[in-house]
Engineer: 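There's a structure below that I have some questions on.
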Protein chains: 2
Amino acid sequence: MEKNRENDVRLRLIRAGLCELEEHGVSDFSLRRVAAAAEVSCAAPYRHFKDKNELILAIIAHVRESWELLAKNIYEIYSDKKDRVVQLSVAAVRFWLANGNFRSVLLTGQSELDDPRRKELSKFDAPLTSALSEYTAEANKDKGELEFLVLSLTYGAVSLTVGGNISTEAAVENLRSALHSLL
Amino acid sequence: MEKNRENDVRLRLIRAGLCELEEHGVSDFSLRRVAAAAEVSCAAPYRHFKDKNELILAIIAHVRESWELLAKNIYEIYSDKKDRVVQLSVAAVRFWLANGNFRSVLLTGQSELDDPRRKELSKFDAPLTSALSEYTAEANKDKGELEFLVLSLTYGAVSLTVGGNISTEAAVENLRSALHSLL
DNA sequence: GACCGTATGTTAACACTGTTAACAACAGTT
DNA sequence: AACTGTTGTTAACAGTGTTAACATACGGTC
């Protein structure tokens, strides 16, 4: 019961923090506002997280879990190794674009001043790279070069959309056709 | 003399702000620290910039100028239209990677909460796209598709390097060969 | 030359932020 | 029953962006 209470507050903080991140972005992330939203005192977060940074880290880890769940689903749905790569790449773009202000954290790890864990957690290419290496093994293609191209196009599609050059759908369509002619 | 003084402080603030950005990143950007580094009082910046955000904007504009100068040089050095595209793309990657913590601002425009001007100023593809459209006109190639590929690979190379997947040199080398086989 | 408005700097204050210390309530252990 | 550790509170600290009130010097007008 008491252990539940603990997890309750911790989870509420993470959820409220996620909203805060979406609403105010990372540079205006207010720990006190998060605490207020979670209906606890402004010092309560320090019982669960060492730092404001540590809370943000936990939030990123939380989002990452949901991404890996999604990626796992996609991986299981598609049995063709080439399809997996294409679908995972497109899904990665969609997922990250859907995560609003979160993107600056996820894409760049915000800055290298922040501990590397943030950058590590922000990587969302693990499912993609493993699917890709399975494909290259099967198709007898050069892995190194292809990995650069696929990852680069994926990240690039995100950046391009964020930058306002193209719409999400245009990015996805371009990415899809590029990958198909590439693989 | 007095007009010089004005520009002096303004410029000193921008320069100090640039250092601050490199040292502390955008989320820890302290206006008071910048003012102290520029050896003025903490309220002085408000005589030259409406906001902390407006100062950051001015800093970005400042960096953008130097990028466009560099791009112009490259454009003039290389007369072959294809070479221009490749060199500009590589230079863009190098330039952005060299600008440290600045990247989060430049790449993503930090967040869409911030006024769109920041995002607009952060775009560094204008020289690249114009060189590219000159190339496609000359070589009779499809512009739309190629533009996505080139820009995507360029941005992607930056993201990939920032993410820690590959080194700068590996990214540049991969990018170069990809562009050569693409154009 | 005296006067005035404008531009640029200062200091002092405001509310807000992250963080910590001191304290209270409660669980489980011995 | 006494002790210990966990989780929450409130109160305080320094640092932040921002604004208001004041000071000073400059350029143009009578």
Side-chain angles (χ1 to χ4, degrees), chain A residues 1-60 101 104-105 110-111 113-115 117-118, chain B residues 1-60 101 104-105 110-111 113-115 117-118:
Chain A
M1 304 295 148
E2 157 238 334
K3 200 74 177 179
N4 274 354
R5 194 73 172 276
E6 173 199 351
N7 285 335
D8 190 17
V9 171
R10 190 189 150 90
L11 198 63
R12 269 190 355 237
L13 283 170
I14 288 181
R15 277 207 262 257
L18 193 53
C19 292
E20 174 77 7
L21 224 41
E22 279 164 9
E23 281 179 42
H24 293 87
V26 131
S27 46
D28 282 346
F29 186 94
S30 164
L31 195 52
R32 291 174 105 106
R33 242 178 349 228
V34 171
E39 288 174 310
V40 289
S41 80
C42 69
Y46 289 88
R47 298 294 168 191
H48 301 272
F49 308 97
K50 177 179 142 284
D51 239 0
K52 166 175 153 174
N53 182 52
E54 214 83 5
L55 170 57
I56 294 181
L57 223 59
I59 298 169
I60 297 181
N101 286 316
S104 49
V105 201
Q110 175 63 8
S111 84
L113 297 170
D114 310 312
D115 55 334
R117 288 174 296 161
R118 214 190 264 191
Chain B
M1 308 298 148
E2 157 237 335
K3 200 75 176 178
N4 272 355
R5 196 73 173 277
E6 173 199 354
N7 285 337
D8 189 19
V9 171
R10 192 189 149 89
L11 198 64
R12 265 186 3 232
L13 283 171
I14 288 181
R15 277 207 260 259
L18 193 54
C19 293
E20 175 77 7
L21 222 43
E22 280 165 9
E23 281 181 42
H24 293 87
V26 132
S27 45
D28 282 348
F29 186 94
S30 163
L31 194 53
R32 292 174 106 105
R33 248 188 330 238
V34 171
E39 289 172 310
V40 289
S41 79
C42 70
Y46 289 88
R47 296 296 167 190
H48 301 272
F49 310 97
K50 179 180 141 283
D51 241 358
K52 166 175 151 173
N53 182 52
E54 215 83 4
L55 170 57
I56 294 181
L57 223 59
I59 298 170
I60 297 181
N101 286 315
S104 51
V105 202
Q110 175 62 9
S111 83
L113 297 168
D114 309 314
D115 55 336
R117 288 175 297 161
R118 212 190 266 193

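Here is the naming used below: chain letters follow the sequence lines, and residue numbers restart at 1 for every chain.
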Engineer: Out of curiosity, A/C42 SG to A/R33 CZ, how far, rounded to the nearest 0.5 Å?
Structural biologist: 13.5 Å
Engineer: Working to the nearest 0.5 angstrom, can you tell me the gap between B/L18 CG and B/R15 CZ?
Structural biologist: 9.5 Å
Engineer: Whether the side chain of B/E20 engages the backbone of B/S30 through a donor-acceptor N/O pair (distance < 3.5 Å, no angle test) should be reported.
Structural biologist: yes
Engineer: What is the minimum heavy-atom distance between B/R12 and B/A38, and which atoms define it?
Structural biologist: NH2-O, 2.8 Å
Engineer: If a protein heavy atom is under 4.0 Å from the base, mark B; if only from the sugar-phosphate, S; if neither, -; do that for nucleotides 13-22 of chain C going 5' to 3'.
Structural biologist: B---BBBB-B
Engineer: Starting at atom CG of B/D28, determine the distance to atom C1' of D/dA14, rounded to an integer number of angstrom.
Structural biologist: 15 Å
Engineer: When rounded to the nearest 0.5 angstrom, what distance separates CG in B/L21 from CD1 in B/I60?
Structural biologist: 7.5 Å
Engineer: Write down the distance between CD (B/E54) and P (D/dG17), rounded to a whole number of angstrom.
Structural biologist: 15 Å
Engineer: What is the distance from CZ of B/R10 to P of C/dA7, rounded to the nearest Å?
Structural biologist: 14 Å
Engineer: Using whole Å, what does the distance between atom P of nucleotide C/dT8 and atom CZ of B/R12 come to?
Structural biologist: 14 Å
Engineer: Output, in order, the C-alpha distance, side-chain angles, deciding distance and verdict of side-chain contact (heavy atoms from CB on, under 4.5 Å) for B/I14 and B/F49.
Structural biologist: CA-CA 10 Å; B/I14 288 181; B/F49 310 97; 4.0 Å; yes
